[in-house]
Protein chains: 2
Amino acid sequence: MSAELWLQALQEHGYRLTESRRAVVEIVAASSRALTPLEVFDLARAAHSDLGLVTVYRTLEKLEELHLIQRVHQPGGCQAFLAASQGHQHLLLCQHCGQATFFEGDNLDQLFATIAQKTGYVIKDHWLQLFGLCQNCQ
Amino acid sequence: MSAELWLQALQEHGYRLTESRRAVVEIVAASSRALTPLEVFDLARAAHSDLGLVTVYRTLEKLEELHLIQRVHQPGGCQAFLAASQGHQHLLLCQHCGQATFFEGDNLDQLFATIAQKTGYVIKDHWLQLFGLCQNCQ
DNA sequence: CTCCTGATGAAAATCGTTTTCATTATAGGG
DNA sequence: CCCTATAATGAAAACGATTTTCATCAGGAG
Ligand SMILES: [Mn+2]
Ligand SMILES: [Mn+2]
Ligand SMILES: [Zn+2]
Ligand SMILES: [Zn+2]
């Protein structure tokens with residue numbers, strides 16, 4: 001599981017390994033859907049009942065700094081976090097259960113060239129996100 | 001300008017035409033970049049000094065209901081609004097000045113078919129947004 | 001084991017947004 | 001053109017999420 005790797009990464013960057021951090025990391029690393037700070041709090045308290053919501057925020061902040069998690073933007077809100085993609089990948093989200101799946105292999109260079117020419121912009125970056133129904137939810 | 005059309009649309013949906021609404025609509029309709037409620041408030045107060053921030057929120061809410069404006073998600077935040085695209089278009093944003101330009105003609109069907117096959121998802125919708133530098137900001 | 005310092009949780013502060021409410025002003029009917 | 005019903009307004013209070021403050025605790029180097 002990536003939880004151990006995340007804890008190791010935190011440690012390597014000079015952060016201490018605490019019970020609270022373990023509980024938060026365990027939950028976020030194991031989730032296949034994006035979780036809000038409050039959801040993480042509720043789930044992590046099962047393992048560590050005197051966890052504070054503040055610590056959830058602080059831990060998520062550090063995990064994001066280290067690029068271990070990323071914020072997920074959705075029609076319903078933009079406060080949820082998910083284990084980060086490795087390399088250049090995009091998200092596919094189930095509209096029913098939230099299941100998140102990364103994919104790669106989009107080749108949009110031709111599109112970018114056309115748009116750049118038509119608009120005069122220099123294209124530097126892009127966001128692509130797909131929404132649908134996962135196998136379980138169809 | 002689209003401001004007149006927006007005011008007309010509001011009226012047709014049973015909303016009254018007020019000074020406050022005019023001031024808000026004028027600013028948002030004329031902007032080529034996405035504006036936050038507070039930015040709209042500051043700009044619109046030039047024309048209508050006793051405008052309340054609450055009315056900015058309420059007017060934006062109605063304009064969004066009528067699909068005249070849309071929320072714009074950006075790395076720095078997701079509270080800004082922009083005149084809505086007509087039809088299926090995507091956004092191109094200048095990372096320096098915020099200038100927003102819509103484009104169309106993306107053909108991602110092939111990609112969606114591949115992803116659907118690989119993942120088992122049924123693809124229902126997609127978000128695509130490009131970031132770069134506009135002609136003035138290069 | 002001890003000590004230093006980073007980390008913690010409770011509480012308070014803060015920020016953006018929404019609700020409440022008394023007052024004002026739009027728009028339709030006389 | 002004036003009246004009136006009621007939608008709309010802005011100030012203030014309430015609210016929910018996030019951040020800051022601070023006294024206390026605990027990780028881990030020595
Ligand atoms: Mn890509
Ligand atoms: Mn498209
Ligand atoms: Zn699903
Ligand atoms: Zn620009």
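First the proteins, then the strands, lettered A, B, ... as listed; each starts at 1.
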(request) Please confirm whether B:His73 and A:Trp127 have ring centers closer than 6.0 angstrom. (result) no
(request) Ignoring hydrogens and angles, tell me if any N or O in the side chain of B:Thr18 forms a donor-acceptor pair with the backbone of B:Arg21 under 3.5 Å. (result) yes
(request) Pick base, sugar-phosphate or nothing for A:Gln79, based on heavy-atom distances below 4.0 Å to the nucleic acid. (result) sugar-phosphate
(message) Below the 4.0 Å mark, does D:dA7 have OP1 or OP2 next to a side-chain nitrogen or oxygen of B:Thr18?
(response) no
(request) Validate the cation-pi geometry between B:Lys62 and B:Tyr15: distance from NZ or CZ to the six-membered ring centre under 6.0 Å, angle to the ring axis within 45°. (result) yes
(request) Would you indicate, yes or no, if D:dT19 has its OP1 or OP2 atom less than 4.0 angstrom from a side-chain nitrogen or oxygen of A:Arg58? (result) no
(request) Would you indicate whether the side-chain heavy atoms of B:Glu19 and B:Asp50 approach each other to under 4.5 Å? (result) no
(message) Using a strict threshold of under 4.0 Å (side-chain N to carboxylate O), is an ion pair present between A:Glu4 and A:Arg22?
(response) no
(message) Need two values: the first and the last nucleotide of DNA chain C, 5' to 3', having an atom under 4.0 Å from any heavy-atom of chain B.
(response) C:dG16 to C:dA27
(request) Would you mind reading off the distance between B:Tyr57 atom OH and D:dC15 atom P, rounded to a whole angstrom? (result) 18 Å
(request) Step through it carefully: locate the ring centre of A:His126, locate the ring centre of B:Phe131, and say whether they are under 6.0 Å apart. (result) no
(request) May I ask you to decide if B:Glu61's main-chain N or O and B:Glu64's side chain share a donor-acceptor pair within less than 3.5 Å? (result) no
(message) Tell me the interatomic distance from B:Glu61, atom CD, to D:dT9, atom P, rounded to whole angstroms.
(response) 12 Å
(message) Using every non-hydrogen atom in the two residues, find where B:Ala34 and B:Leu82 come nearest and quote the distance to one decimal.
(response) N-CD1, 3.6 Å
(message) On DNA chain C, does the nearest nucleotide to A:Gly14 precede the nearest nucleotide to B:Leu17 from the 5' side, or the other way round? Give the residue.
(response) A:Gly14
(request) Can you tell me the distance, in whole Å, between the NE2 atom of A:His48 and the C1' atom of D:dA26? (result) 11 Å
(message) Please report the distance, rounded to the nearest Å, between CZ in A:Arg16 and P in D:dG28.
(response) 7 Å
(request) Remember a base hit wins even if backbone is also touched, and classify B:Leu38 as base, sugar-phosphate or nothing at under 4.0 Å, heavy atoms. (result) nothing
(request) Select from B:Arg21 and B:Val54 the residue whose nearest nucleotide in DNA chain D is closer to the 5' end of that strand. (result) B:Arg21
(request) Return the angle between end axes of the helix from C:dC1-D:dG30 to C:dG30-D:dC1, with five pairs used per end and rounding to 10°. (result) 30°
(message) Is the phosphate of D:dG28 approached by A:Gln11 (side-chain N or O, under 4.0 Å from OP1 or OP2)?
(response) yes
(request) Report yes or no: do B:Leu111 and B:Tyr121 belong to one cluster of Ile/Leu/Val/Met/Phe/Trp/Tyr joined by side chain heavy-atom distances under 4.5 Å? (result) yes
(message) Rounded to whole Å, please give me the gap between CG in B:Leu7 and P in D:dA8.
(response) 13 Å
(request) Report the distance from atom CG of A:Leu53 to atom P of D:dA17, rounded to the nearest whole Å. (result) 9 Å
(message) Can you measure A:Arg22 atom CZ to D:dA26 atom C1' for me and round it to whole angstrom units?
(response) 13 Å
